[in-house]
Enquirer: 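Before anything else, here's the structure in question.
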Protein chains: 2
Amino acid sequence: MAFFVQKFGGTSVGTVDRIEAVADKIVTSRAAGHDIVVVVSAMSGETNRLIGLAEQIQAQPTPRELDVLVSTGEQVTIALLCMALHKRDCPARSFTGAQVRILTDGSHTRARIREIDSIRIKDELGKGSVVVVAGFQGVDENGNITTLGRGGSDTSAVALAAALEADECQIYTDVKGVYTTDPRVVEDARLLRSITFEEMLELASLGAKVLQIRSVEFAGKYKVPLRVLSSFEDDPGTLISLEDDKEMEAPIISGIAFTRDEAKVTVTGVPDVPGVAFQVLGPVSDAGIEVDVIVQNVSADGSTDITFTVKRQDSEQTRALVADIVSRIGAREVTFDKKIAKISLVGVGMRSHAGIASKMFKTLADESINIQIITTSEIKISVVIEEKYLELAVRSLHAAFDLAGDAATL
Amino acid sequence: MAFFVQKFGGTSVGTVDRIEAVADKIVTSRAAGHDIVVVVSAMSGETNRLIGLAEQIQAQPTPRELDVLVSTGEQVTIALLCMALHKRDCPARSFTGAQVRILTDGSHTRARIREIDSIRIKDELGKGSVVVVAGFQGVDENGNITTLGRGGSDTSAVALAAALEADECQIYTDVKGVYTTDPRVVEDARLLRSITFEEMLELASLGAKVLQIRSVEFAGKYKVPLRVLSSFEDDPGTLISLEDDKEMEAPIISGIAFTRDEAKVTVTGVPDVPGVAFQVLGPVSDAGIEVDVIVQNVSADGSTDITFTVKRQDSEQTRALVADIVSRIGAREVTFDKKIAKISLVGVGMRSHAGIASKMFKTLADESINIQIITTSEIKISVVIEEKYLELAVRSLHAAFDLAGDAATL
């Protein structure tokens, strides 16, 4: 017998029929002897409907009231799911974030969890009930309703698993788990059976949008084993855990992530003096623009080039800011390129294996794909290339590193 | 400067535009220097939508979870109304029933209010805020969400007015107030400027469906002056208050109520022995069937007749129950009549004025309308007649008792 926190997202509870299917899954877990705490999101579309109502009134709805409004979405789901469980003669009890006392700070619409009162939940579990908790929401120390921001239900689930010391936090979603790369690009992408937190963080932030990155950080910090699996199929999915838990023969590369929603900005002829990178990038980050890759190469003849990438939607605003900077610091010029893609190889195994980078570069060269930027971290190598070569590059790398799956693992 | 609790029902907050109109009304009240606590219902249709979802899952949804579900309706409205007030630069803060701590018993879906913590609301009022409270809901001593049953928002408003010692509880609705009778039947029905709690109770229970009867009882008990007025027009409406507050020259008759949704059951030849009325009516009320008028006439030759009325929708069930009783107690026969209507004259003034009843009977006789049953109370005379004469009877009585209004009062 184990103790699981199971989280079901908006698509998994999007209709009454799907809620009934979720109830069936929970009943099956219980029949296997497990204790279950369930965390649910709002039915898909509901949060947007509520925000739509608010925006008809205020272009920028008051954050405190927006939280009061949107938190009703999850409250509806917990009640309906409990009814579906009762219909199956399964004892169950619903709790809002305030009732369970998921204590957060007072930052409405993006609150951070501080503490969870586990006593009430443990009481209910002790009585043999399934405990159904509204995700995404909490309460501040003054009793105000708060929300954790979009995707916060994953974070609620991990936080509950940590506070209650669950054996596993299971995130049910509409995919089967984490793949070596996007199966829409590489047909024989393989479902990963296990992956480390670090790898998952690199993959998630780079575009494999399976889990909220914040919840992965949280799970890693509190050492909560996290499993991603499908609401609609019967498959164990992907287990995300500490490196130590991984099998000995871990693969060198776990997956290939990519993104094509970035734009590249290069400032050339920047005077190579201390503080110049800050002069270029300070105003950009002050404007709330998220900067991803930053590369500065060694200096030649007293000047250098700085390249960075931003979200494509921020490129016009960035252009205006940087034009201003360039004239102020006396740089030569600034160039923009929206037609780029970033590809990253991720794997804890690469720490101890030389030659991954050169194999990557050779694979791309063999396809005559030019590399514009290279950056590396301990468990990741990223390159920026021309966007049109993205699919070709991902498929070539997937094959070169032998990531393809066979029927048995899919 | 006064302190008002203002309640807006589902129709008054049925759309975003109407919520904006409610905000305008509140801002006007505040500009006049008043302190305002607002109680709102769910947007019209929302409660039914939520119950519909529940009933797709459980024919009889679990009461605790049903409360968790439907209480979201009012929560949505409080948030949206606060946003509309903020847009008008009017400070406002929303509270759910749990946040304000409207403490109820644990009877889910029909909870009774026990206590209200007025401190938090008074704090907010002290800061100059409008306080917006979700009607219809509360919380039991274990922190479970409860609801007060349909129409419970009126009760919430009156309870808050009592706890906070407001000067007046104003119930905004889609009618202008309480009329001498239904304006759809009598064109020149007059809007009453004031009425006593007792009169309102008799009128409300008899079909003038303006206010929840429970909230009127509550207001009477705690001596909270209650005002019914229109959300859509600018008119002071009807004030419901203690008899003492009424002007000296109170009219003898305040209004004429009527209903046509009842059926009449007569059991003839009932042995006139002690306990026989209980034998006839006990099984009916045990079955949860509401009995309205009960009349038993004096006995002749050792047997008597008992007549009572039930809701028309309950008549088939009643027929089966009574058939069984009749044979058991040895009564002669039972007759049913669905085509009846009940008309009641209501007025505190009739206590001290003789001749009201005879004037009523003469008026009906002049129109050749036969009276089937007569019952009276301190401030009410009711008659049951054939349904087809209803409109004629109400119009004749309205004219005979001089209840018609003039342009000035409408």
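Quick caveat: nothing in here was measured; it's all calculated off a predicted structure. Proteins come first, then strands; the chains are lettered A, B, ... in the order of their sequence lines, and each starts at number 1.
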Enquirer: What part of A23(A) is in contact with chain B, defined as an atom under 4.5 angstrom from a non-hydrogen atom: side chain, backbone, both or neither?
Expert: neither
Enquirer: Using heavy-atom distances under 4.5 Å, tell me whether E20(A) contacts chain B through its side chain, its backbone, both, or neither.
Expert: side chain
Enquirer: Verify the neighbour count for atom CD of E55(B): are there more than 12 heavy atoms of other residues, nucleotides or ligands below 6.0 Å?
Expert: yes
Enquirer: I'd like to verify something: which residue of V139(B), I145(B), D17(B) has the highest number of heavy-atom pairs under 4.5 Å with chain A?
Expert: I145(B)
Enquirer: Under 4.5 Å, counting heavy-atom pairs only, tell me which of A54(A), C82(A), S94(A) racks up the most with chain B.
Expert: S94(A)
Enquirer: When you compare the side chain of N144(A) with that of R93(B), does any pair of heavy atoms fall below 4.5 Å?
Expert: yes
Enquirer: With a cut-off of 6.0 Å (strictly less than), are more than 12 heavy atoms of other residues, nucleotides or ligands near CG of D286(B)?
Expert: yes
Enquirer: If you count the non-hydrogen atoms of other residues, nucleotides and ligands that lie under 6.0 Å from CZ in R112(A), is the total more than 12?
Expert: no
Enquirer: Identify the heavy atoms of I57(B) and L80(A) that sit nearest to each other, and give their distance.
Expert: CD1-O, 3.5 Å
Enquirer: Surrounding CG of N142(B) (heavy atoms of other residues, nucleotides or ligands, distance under 6.0 Å), is the total greater than 12?
Expert: yes
Enquirer: Drop me the distance from Q56(B)'s CD to M83(A)'s CE, to the nearest 0.5 angstrom.
Expert: 11.5 Å
Enquirer: What residues of residues 60-79 of chain A make heavy-atom contacts with chain B at a cutoff under 4.5 angstrom?
Expert: P61(A), T62(A), R64(A), E65(A), L66(A), V68(A), L69(A), S71(A), T72(A), Q75(A), V76(A), I78(A), A79(A)
